[in-house]
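What follows is a single structure, and I will ask about it in a moment.
Numbers for residues simply follow the sequence, beginning at 1.
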Amino acid sequence: MSYQSLIGKPAPAITLDNYDGQSFTFTPGEKEVPTALFFYPASGSYGCTKQACQFRDAIAEKDTFGPGKVQIIGISPDPVAKQKAFVEKEKLTYPVLSDVKKEVFKAYGIGKGMLGMVAVARVTFIIDKKGIVRDALDATMNYGAHSKFVEKWLNRLQTEDEAKAETPTTPATENSPATATTTAEAPKPQ
């Protein structure tokens, strides 16, 4: 399975240890906000540090990444102790999960990166508020592209939500069953 085969489908649920050693469960769609789920090769490496910090900074500085607008989750195959040191050193403000057995990497179809030269590829998924994978970016060398990719998708999802909110609903006609039922069940004015 390739990560691309998930696009348009419900995202797999995740339960892994967070950097603090506590079990963390991500149930797609549960919080009803979009999720940026980013997989990366190694905590503390140059590119991975830059990528993780770009997400941290976006949360702090950009309205698009503000509270209640997106859930950011990072995942690497590093053990919890390494994740904890990484999160504390870089002051990361979101879950950073440990997938030592690479079970979630497999569930999301992520293999090796850079033609097999890197143990795992750097892939970011955007999952909408209903839990559907909308898109994925595989850019192992271009760590800087990931937060920009997420920001573009968050803007697009917000635009979609606004368009849905502005679409008027079609009123029921007098002869429709919905109107008859509603009228019959409504209390009579006194």
Side-chain angles (χ1 to χ4, degrees), residues 1-16 18-20 24-41 43 47-76 83 86-87 90-97 99 104-105 107-110 113 120-172:
M1 175 184 86
S2 156
Y3 69 89
Q4 294 166 328
S5 66
L6 286 174
I7 295 172
K9 296 180 181 163
I14 295 170
T15 299
L16 290 170
N18 199 357
Y19 70 89
D20 58 8
F24 181 91
T25 297
F26 166 60
T27 304
E30 182 178 63
K31 292 191 175 188
E32 296 183 354
V33 295
T35 300
L37 186 63
F38 73 97
F39 293 83
Y40 63 97
S43 290
C48 297
T49 299
K50 291 290 188 187
Q51 178 188 20
C53 291
Q54 285 176 346
F55 280 117
R56 176 202 64 205
D57 295 347
I59 291 167
E61 300 165 6
K62 297 184 179 190
D63 184 52
T64 315
F65 287 80
K69 294 191 177 179
V70 64
Q71 178 179 27
I72 306 287
I73 302 171
I75 303 176
S76 84
Q83 302 294 51
F86 180 55
V87 167
E90 303 304 333
K91 298 177 176 49
L92 302 180
T93 56
Y94 49 83
V96 177
L97 310 181
D99 188 14
V104 175
F105 277 84
Y108 275 79
I110 300 169
V120 293
R122 183 185 317 278
V123 180
T124 298
F125 290 87
I126 190 77
I127 301 164
D128 69 18
K129 65 184 184 178
K130 293 181 181 172
I132 304 300
V133 176
R134 296 296 294 270
D135 203 357
L137 173 68
D138 179 352
T140 300
M141 290 302 294
N142 190 356
Y143 58 82
H146 293 261
S147 65
K148 291 174 187 161
F149 167 76
V150 170
E151 186 171 19
K152 283 180 186 174
W153 262 102
L154 291 175
N155 287 329
R156 181 175 173 179
L157 292 172
Q158 183 177 358
T159 301
E160 286 177 11
D161 285 347
E162 288 167 359
K164 286 178 189 172
E166 291 174 7
T167 304
T169 55
T170 308

Next on the checklist: Tell me which one of Phe26, Tyr3, Phe39 satisfies ring-ring contact (aromatic ring centres under 6.0 Å, His included) with Tyr108.
Outcome noted: Phe39

Checklist entry - Mind checking what makes ring pair (Phe, Tyr, Trp, His ring centres under 6.0 Å) contact with Tyr94, not counting sequence neighbours? => result Phe38

Item to check | Carboxylate-amine/guanidinium contact Asp57 Lys62, below 4.0 Å | outcome: no

Checklist entry - Between Lys164 and Glu160, is the closest basic N to carboxylate O distance under 4.0 Å? => result no

Checklist outcome for this item: To the nearest 0.5 Å, atom CG of Leu92 lies from atom CZ of Phe55 at 11.5 Å

Checklist entry - Is it true that atom NZ of Lys129 has more than 12 heavy atoms of other residues, nucleotides or ligands lying nearer than 6.0 Å? => result no

Checklist entry - Just wondering, more than 12 heavy atoms not from Glu32 lying within 6.0 Å of its CD? => result no

Item to check | Centroid-centroid under 6.0 Å between Tyr19 and Phe86 rings | outcome: no

Checklist outcome for this item: Taken to the nearest 0.5 Å, the spacing of Phe65 CZ from Thr93 OG1 works out to 11.0 Å

Checklist entry - Is a side-chain N or O of Ser2 found less than 3.5 angstrom from the main chain of Gln4, in a donor-acceptor match? => result yes

Next on the checklist: If you define the side chain from C-beta out and look only at heavy atoms, does anything of Asp135 sit under 4.5 Å from Trp153?
Outcome noted: yes

Next on the checklist: Nearest 0.5 Å, please: how far is CD1 in Ile73 from CD1 in Ile75?
Outcome noted: 6.5 Å

Checklist outcome for this item: Those residues at least two apart in sequence (or on a different chain) that pass side chain to side chain contact (heavy atoms under 4.5 Å, CB included) with Ala139 are Leu137, Asn142, His146

Checklist entry - In Å, rounded to the nearest 0.5 Å, how long is the span from CD1 of Ile127 to CD1 of Ile7? => result 11.0 Å

Checklist entry - Atom OG1 of Thr64 and atom CD1 of Ile59: how far apart are they, to the nearest 0.5 Å? => result 12.0 Å

Item to check | Contact check, side chains of Pro41 and Arg122, non-hydrogen atoms, under 4.5 Å | outcome: yes

Next on the checklist: Once rounded to the nearest 0.5 Å, what's the spacing between atom CZ of Arg156 and atom CG of Asp161?
Outcome noted: 12.0 Å

Checklist entry - Are Phe105 and Val123 close enough, and set up right, to give a side-chain contact (heavy atoms from CB on, under 4.5 Å), and what steps lead you there? => result CA-CA 10 Å; Phe105 277 84; Val123 180; over 6 Å; no

Item to check | Partner set under side chain to side chain contact (heavy atoms under 4.5 Å, CB included) for Gln54, not counting sequence neighbours | outcome: Tyr143, Ser147

Checklist entry - Taking Lys9 for the side chain and Ser5 for the main chain, is one N or O donor matched with an acceptor at less than 3.5 Å? => result yes

